[in-house]
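The structure under discussion appears below in the form of structure tokens.
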Amino acid sequence: MLFQHVAIAGLAHIDAPRQLTSAEINARLKPTLDRLGIKANVLEDVAGIHARRLWDDDVQASDAATLAGVKALADAGIDPSRIGLLVNTSVSRDYLEPSTASIVSGNLGLPDTCQNFDVANACLAFLNGMDIASRMIERGEIDYALIVDGETANLAYEKTIERMTRPDATEEEFRNEMATLTLGCGAAAMVLARAELAPGAPRYRGGVTRAATQWNTLCRGNLDRMVTDTKMLLTEGLKLAQKTFIAAKQALGWAVDEMDEFVIHQVSKVHTQAFIQAFGIDPKKVLTIFGEHGNIGPASVPIVLSKLREMGRLKKGDRVALLGIGSGLNCSMAEVVW
């Protein structure tokens, strides 16, 4: 999936307004921690997550995605009537049907000629959405596409903590659901365009994807519960990432020292350090946000890219590697030339 005519015309992120610290969560879990004899501060010491953001209670996935979409369209400086495709990539959703994309499309007032749909692939979906849109742009089917993602974790937190504080909660149940408490809320959006319509804009070169779907049982979640085998997920995820990295080096001509920034899907301190060590990446080239924002699912890669731009860390011509992995297991690695 390599592209010659695709540019990033607009990019935006939204930080959820409410902070929930790990200290607050640990205080609520203290009776269970004491009863089970669990002394390790898993959220902070192991995962490296000190806080995460939550929306106000009435905010739905479509609301968050709409906010990011409005901001990205404004950043691109184009009218909504010019969007030919809307892809919503959220793990979170308002309903099973209609699609969250249709709600966002209606909120944004997109034209009746704009195709819209959801793409679901765990934490990899935003990169998948970029690839789907880029194929259509590359073939000349559309001029502009809008990729959106709005993640809500409020319900998952409420129900998970409720289960963990039950007097009959077992240590196995506690550990299986601990990863849920690393999740965070947030939103991101990106406008992709035919390159000639956005002269000077960053170019999306595309990337590679590899799968290890025999491991689809390692993380399974609903809107109110997620059960994760964190050790095996890290082990097998890293194996798949190494295979994908080899393919990316061949397809994109990557040399680690020549890349200027690495945008890694934000899961935890353990996962990030494992990626950095496995591929010999300079830690200074990896902006991390999980410590204060948690794991924002598929929104995390575009949020980090947007924050890098906001911080002024991206210069014209910089090569930026996007590295994403999602339970299932699937892995994508792609490149943006700023």
Side-chain angles (χ1 to χ4, degrees), residues 3 6-17 19 48-53 64-65 67-78 126-127 130 134 144 146-151 184-193 195 197-207 248 252 254-267 269 272-273 275-276 279-324 333-338:
F3 308 109
V6 181
I8 299 176
L11 179 64
H13 72 275
I14 305 287
D15 291 331
Q19 185 186 67
I49 295 174
H50 308 291
R52 70 284 294 141
R53 301 294 189 95
L67 289 172
V70 168
K71 194 173 179 181
L73 286 169
D75 185 56
I78 65 168
F126 199 96
L127 289 173
M130 290 173 64
S134 296
Y144 295 95
L146 177 62
I147 319 300
V148 299
D149 192 289
E151 299 301 333
C185 297
M190 178 183 290
V191 176
L192 294 175
L197 299 175
R203 299 289 286 270
Y204 179 53
R205 289 190 65 200
L252 296 163
W254 281 3
V256 173
D257 293 342
E258 294 177 3
M259 306 304 291
D260 298 287
E261 297 283 353
F262 289 85
V263 178
I264 299 175
H265 168 53
Q266 306 282 309
V267 179
K269 179 172 67 176
T272 302
Q273 289 178 343
F275 263 68
I276 288 172
F279 305 132
I281 297 171
D282 182 351
K284 294 178 182 178
K285 295 182 178 182
V286 181
L287 173 66
T288 60
I289 64 170
F290 60 78
E292 298 301 323
H293 293 267
N295 176 359
I296 320 177
S300 70
V301 166
I303 286 175
V304 171
L305 186 64
S306 181
K307 285 182 178 289
L308 281 170
R309 185 184 68 165
E310 190 176 69
M311 295 166 64
R313 271 178 58 165
L314 299 177
K315 305 181 299 298
K316 183 71 174 177
D318 277 357
R319 299 179 68 188
V320 183
L322 311 181
L323 286 67
M333 297 186 181
E335 182 178 339
V336 171
V337 178
W338 207 259

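Keep in mind it's a predicted model, so treat the numbers as computed, not measured.
The two residues I49 and V267 make their nearest non-hydrogen contact at CD1-O, 3.8 Å. The minimum heavy-atom distance linking R309 with L314 is given by the pair N-CD1, 3.8 Å. The two residues A334 and W254 come nearest to each other via the heavy atoms O-CZ2, 3.3 Å. Minimum heavy-atom separation, A12 to A72: CB-N, 3.6 Å. Closest of all the heavy-atom pairs between S134 and V6 is OG-CG1, 3.5 Å. Considering every non-hydrogen atom in both I303 and A188, the closest pair reads CG1-CB, 3.8 Å.
The distance from atom OG of S300 to atom CG of L305, rounded to the nearest 0.5 Å, is 11.5 Å. Summarising the geometry, atom CG belonging to L287 is positioned 14.0 Å from atom CZ belonging to F262; distances are rounded to the nearest 0.5 Å. For the atom pair CE (M333) and CD1 (I264), the distance works out to 8.5 Å, reported to the nearest 0.5 Å. One finds the CZ atom of R53 at 12.0 Å from the CD1 atom of I14 (value rounded to the nearest 0.5 Å). Distance check: H265 NE2 to I296 CD1 gives 10.0 Å after rounding to the nearest 0.5 Å. R203 CZ to I8 CD1: the interatomic distance, rounded to the nearest 0.5 Å, is 11.0 Å.
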Candidate pair M190 and L146, rule side-chain contact (heavy atoms from CB on, under 4.5 Å), full reasoning: CA-CA 6 Å; M190 178 183 290; L146 177 62; over 6 Å; no
Under the side-chain hydrogen bond (donor to acceptor under 3.5 Å, both in side chains) rule, what do W338 and E261 come out as? Steps first, then yes or no, please. CA-CA 10 Å; W338 207 259; E261 297 283 353; over 6 Å; no
List the steps and the verdict of side-chain contact (heavy atoms from CB on, under 4.5 Å) for H293 and R52. CA-CA 4 Å; H293 293 267; R52 70 284 294 141; over 6 Å; no
Using the rule given for side-chain contact (heavy atoms from CB on, under 4.5 Å), can you reason through D260 versus V320, listing the C-alpha separation, both sets of side-chain angles and the distance that settles it, and then say yes or no? CA-CA 6 Å; D260 298 287; V320 183; 5.7 Å; no
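Test V286, T288, D282 against I276 for side-chain contact (heavy atoms from CB on, under 4.5 Å) and you get one pass: V286.
Using a cut-off of 4.0 Å between Lys/Arg side-chain N and Asp/Glu carboxylate O, K285 and D318 are scored as not salt-bridged.
Using a distance-only test at 3.5 Å, with no hydrogens or angles considered, no donor-acceptor pair links the side chain of D149 to the main chain of P298. A donor-acceptor contact shorter than 3.5 Å is absent between the side chain of E335 and the backbone of R205. In terms of modelled atom types and a separation under 3.5 Å, the side chain of Q266 and the main chain of F290 share a donor-acceptor contact.
Applying the ring pair (Phe, Tyr, Trp, His ring centres under 6.0 Å) test to F279 and every residue at least two apart in sequence or in another chain returns F245, F275.
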